[in-house]
2 protein chains.
Amino acid sequence: MLDVRRLRLLAELAARGTLAEVAEALHQSPSSVSQQLGQLEREVGVPLLRKAGRRVQLTAAAEVLVEHTVEILARLEAAEAAVTALGDDTAGTVRVAVFQSVALAYMPQALADLTQRHPRLRVMLSQRAPEQALHDLALRELDLVVAEHYPDHGAPHFDGLDRQPLTTDRLRLAVPPRSSGEPWDSITSLADAGRVPWAMEPPGTASRHWIEEQCRRAGFEPEVRYETDDVEAHVALVETGNAVALLSDLMRVRHRTAVRLIELPGAPRRTVFTATRTAIADSPGILACRSALARVVPSDLELP
Amino acid sequence: MLDVRRLRLLAELAARGTLAEVAEALHQSPSSVSQQLGQLEREVGVPLLRKAGRRVQLTAAAEVLVEHTVEILARLEAAEAAVTALGDDTAGTVRVAVFQSVALAYMPQALADLTQRHPRLRVMLSQRAPEQALHDLALRELDLVVAEHYPDHGAPHFDGLDRQPLTTDRLRLAVPPRSSGEPWDSITSLADAGRVPWAMEPPGTASRHWIEEQCRRAGFEPEVRYETDDVEAHVALVETGNAVALLSDLMRVRHRTAVRLIELPGAPRRTVFTATRTAIADSPGILACRSALARVVPSDLELP
DNA sequence: GATTATTCGTAAGCAGACCTGAAGGTTCCA
DNA sequence: TGGAACCTTCAGGTCTGCTTACGAATAATC
């Protein structure tokens, strides 16, 4: 009977790449991880790791083992969720991550709703970019994630994740308010925004990738002068007449700002969804959080 | 993350009934099992055991947990089998149990075949009644079982078991040889055997159940004077003119005896099959054993 | 109905597993 | 070429988990 704790180390190694990261994630010393994996290797009698530079690489046998282990860990988590669900209703801790605009617009209300309905449920909230959040969710460092999905943009797919749509929100171009002077006042469509500076999120985010794509389709390569993942800053830069930016309705829920909005071709909408691991999707904590979000967030964000 | 070793104790408890038996099976002291289960209970925060007389009973929560655990253990075993299969071909140990007539008739040849083809494969052979063997197989105390299935007899069903037919053999009534005197010489059908003593296997076996059923259908309740699970003894008792008995072709492979054979109504055949756990069904050791049996045992036992 | 046998639970002691920290070797990068 | 990152090995300490011993409760037996 193989030791699941050791198997887990192997699975974490497959997911994280280096032995040191595994140790860090599990709050152990790298030495310990190395010893345990060595022990596992001795038990199965087949080499699991090969040296690859200064890192280690999984052998084919190890890959097979990891495949099974992922299933086992999911099942183990499901077992734990199922049995605690039977015991006490809606208690324990749920680790939630949301992206910035949701965090600012709706989470305070959702948290208030939750603590009122389920006083014994502890929600740990962190703000995280959707890609990072989904990754951490798969690694079991989070339990529930609110993420976004841009149209025609291949969403990263993780095995064992359960996704549910939460709402959709319109994407528009935000330009400085009327009478800001040129060149702002003459912008009437996305195609006009090739001559002005942009505020965008950093490269690697879905938002950045998507809006750049839209700009290229409109016939220009955007000049990204301000780069920050703080969308509050984007709004501020637009309001003060320094840049144009992509703006979603979710932002406008908080900022009834004076920026001027310009429709994008095709009136595109972004999908906002919640994701959790399938293994714990039916646990009371997750269900409670999801329904709290559903109550607080309008199912169709259509601002005037 | 629940400890799988502790979960296993719970699963074994569900399968075996008492904590002492679990301890015995796992070569531990009952005290240790009790402590570990207590720890598990503390971890999940839900009562798992309730006192039922001097034994313990599983709560609903524990049953749920066991359900998941069985899956996890199967997967764990499959993982181990898969990875050792990748490593070395057909080595290790396979624990096989067969019932008596197969043990005597074919296993010597099968073992010779196996040791020649796979010198590094170690086969541990034990003789066991089919019902007991299948039970022990499900409990992971055996890896491969050769068992029998009587027609129209509800075979005991165990989850996670993989069954493959091996052969079938004719069932006949064996009576003492001609010129043994009365009442033997006048027996020409099963219905005539109501007046003579029988040799049968002990109650609780499928064989016993089946032949008693046949007797009742033929209109009589058999007088079981000799009761033993040693079918060799059955043959001896018939040969010496002391009883009649059920005899399968599998027995006759060894004993070209002088007993007289009488067809039973409907010329019934017994099915002989191999069984293993699904989790290890694809492991090289199991495959090797099964194909050795298939080579050695004729696919259709039809003796003149 | 008293006695005996089983079974589970608790306490204390001990062995072994596991983890930490230091030291060493290799690889990668500046 | 020197430093940083990474993995491994070794020695040592801590802690988990096992065993033995004992007690309580229940079932079986005479």
Side-chain angles (χ1 to χ4, degrees), chain A residues 1-63 65-66 69 73 76 80 139, chain B residues 1-63 65-66 69 73 76 80 139:
Chain A
M1 185 81 17
L2 296 174
D3 185 345
V4 173
R5 292 186 61 240
R6 291 200 250 264
L7 286 176
R8 180 178 183 206
L9 292 179
L10 193 65
E12 296 280 351
L13 179 59
R16 300 179 193 272
T18 109
L19 204 143
E21 278 181 72
V22 174
E24 158 111 35
L26 304 195
H27 309 104
Q28 290 185 174
S29 68
S31 160
S32 168
V33 177
S34 174
Q35 288 178 62
Q36 292 304 311
L37 286 176
Q39 183 69 27
L40 179 62
E41 204 162 30
R42 223 165 301 130
E43 278 175 12
V44 300
V46 178
L48 296 176
L49 305 180
R50 58 191 331 150
K51 308 199 58 159
R54 58 184 171 183
R55 342 182 52 159
V56 287
Q57 195 178 1
L58 274 65
T59 64
E63 298 281 2
L65 219 43
V66 167
T69 304
L73 291 176
L76 209 47
E80 191 164 8
L139 286 179
Chain B
M1 184 80 19
L2 297 175
D3 185 342
V4 172
R5 292 186 62 242
R6 296 197 180 107
L7 287 176
R8 182 180 179 204
L9 292 180
L10 194 66
E12 296 280 351
L13 180 59
R16 299 179 194 274
T18 111
L19 206 142
E21 278 181 72
V22 174
E24 157 107 36
L26 304 195
H27 308 105
Q28 291 184 12
S29 68
S31 160
S32 166
V33 177
S34 174
Q35 286 178 57
Q36 291 306 308
L37 287 176
Q39 182 69 29
L40 179 62
E41 204 162 29
R42 222 166 300 133
E43 279 174 13
V44 300
V46 178
L48 296 176
L49 303 181
R50 60 193 327 150
K51 305 200 63 160
R54 58 183 175 186
R55 339 182 59 167
V56 288
Q57 195 178 2
L58 275 65
T59 64
E63 297 282 2
L65 218 43
V66 166
T69 304
L73 291 177
L76 208 46
E80 190 164 8
L139 287 178

TODO: Assess whether atom CD of B:Glu24 is packed by more than 12 heavy atoms of other residues, nucleotides or ligands within 6.0 Å.
DONE: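 Not more than 12 within 6.0 Å, no.
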
TODO: Would you jot down, in residue-number order, the residues of residues 27-37 of chain B having a non-hydrogen atom under 4.0 Å from DNA chain D?
DONE: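 Residues of residues 27-37 of chain B under 4.0 Å from DNA chain D: B:His27, B:Gln28, B:Ser29, B:Ser31, B:Ser32, B:Gln35, B:Gln36.
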
TODO: With a 4.0 Å heavy-atom cut-off, tell me which residues in residues 2-16 of chain A come close to DNA chain D, sorted by residue number.
DONE: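 Close to the strand, none.
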
In whole Å, what is the span from the [atom1] atom of [X] to the [atom2] atom of [N]?
X: A:Leu26; N: C:dT20; atom1: CG; atom2: P; value: 11 Å
X: B:Leu58; N: C:dC8; atom1: CG; atom2: P; value: 12 Å
X: A:Leu19; N: C:dT27; atom1: CG; atom2: P; value: 17 Å
X: B:Glu24; N: C:dC8; atom1: CD; atom2: P; value: 12 Å
X: B:Gln57; N: D:dT26; atom1: CD; atom2: P; value: 15 Å
X: B:Leu48; N: C:dC8; atom1: CG; atom2: P; value: 15 Å
X: A:Arg55; N: D:dA5; atom1: CZ; atom2: P; value: 13 Å

Open item on the list: By nearest heavy atom, map B:Leu49 and A:Gln39 onto DNA chain C; which one lands nearer the 5' end?
Closed with: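 Going by which nucleotide is closer to the 5' end, it is B:Leu49.
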
- [ ] Assign each of B:Val56 and A:Gly53 to its nearest nucleotide of DNA chain C by heavy atoms, then name whichever residue's nucleotide is nearer the 5' end.
- [x]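 Mapping each residue to its closest nucleotide by heavy atoms, the 5'-most match is B:Val56.
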
Less than 4.5 Å apart, side chain to side chain, heavy atoms only: is that true for [X] and [Y]?
X: B:Leu37; Y: B:Leu48; result: no
X: A:Val46; Y: A:Leu65; result: no
X: B:Leu40; Y: B:Asp3; result: no

Task: Side chain A:Ser34, main chain A:Pro30, donor-acceptor under 3.5 Å - done: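 No, the answer is negative, given that no donor and acceptor are paired below the 3.5 Å cut-off.
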
- [ ] Output yes when a side-chain donor or acceptor of A:Glu41 lies under 3.5 Å from a complementary backbone atom of A:Leu49, and no otherwise.
- [x]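 Side chain of A:Glu41 to backbone of A:Leu49, a donor-acceptor pair under 3.5 Å: yes, one is there.
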
- [ ] Can you see which heavy atom on A:Leu58 is nearest to which on A:Ala14, and at what distance?
- [x]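 Closest heavy-atom pair between A:Leu58 and A:Ala14: CD2-CB, 3.7 Å.
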
TODO: Please determine, by modelled atom types, if A:Arg50 and A:Gln57 share a side-chain donor-acceptor pair under 3.5 angstrom.
DONE: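 Their side chains do not contain a donor-acceptor pair, so the 3.5 Å distance test is not met.
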
TODO: Spell out yes or no: do the side chain of B:Arg54 and the base of C:dT6 have one donor N/O and one acceptor N/O closer than 3.5 Å?
DONE: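 Yes.
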
Task: Option passing side-chain contact (heavy atoms from CB on, under 4.5 Å) with A:Val22 (candidates A:Glu12, A:Arg8, A:Gln28) - done: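 Of all the options given, the one that passes is A:Glu12.
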
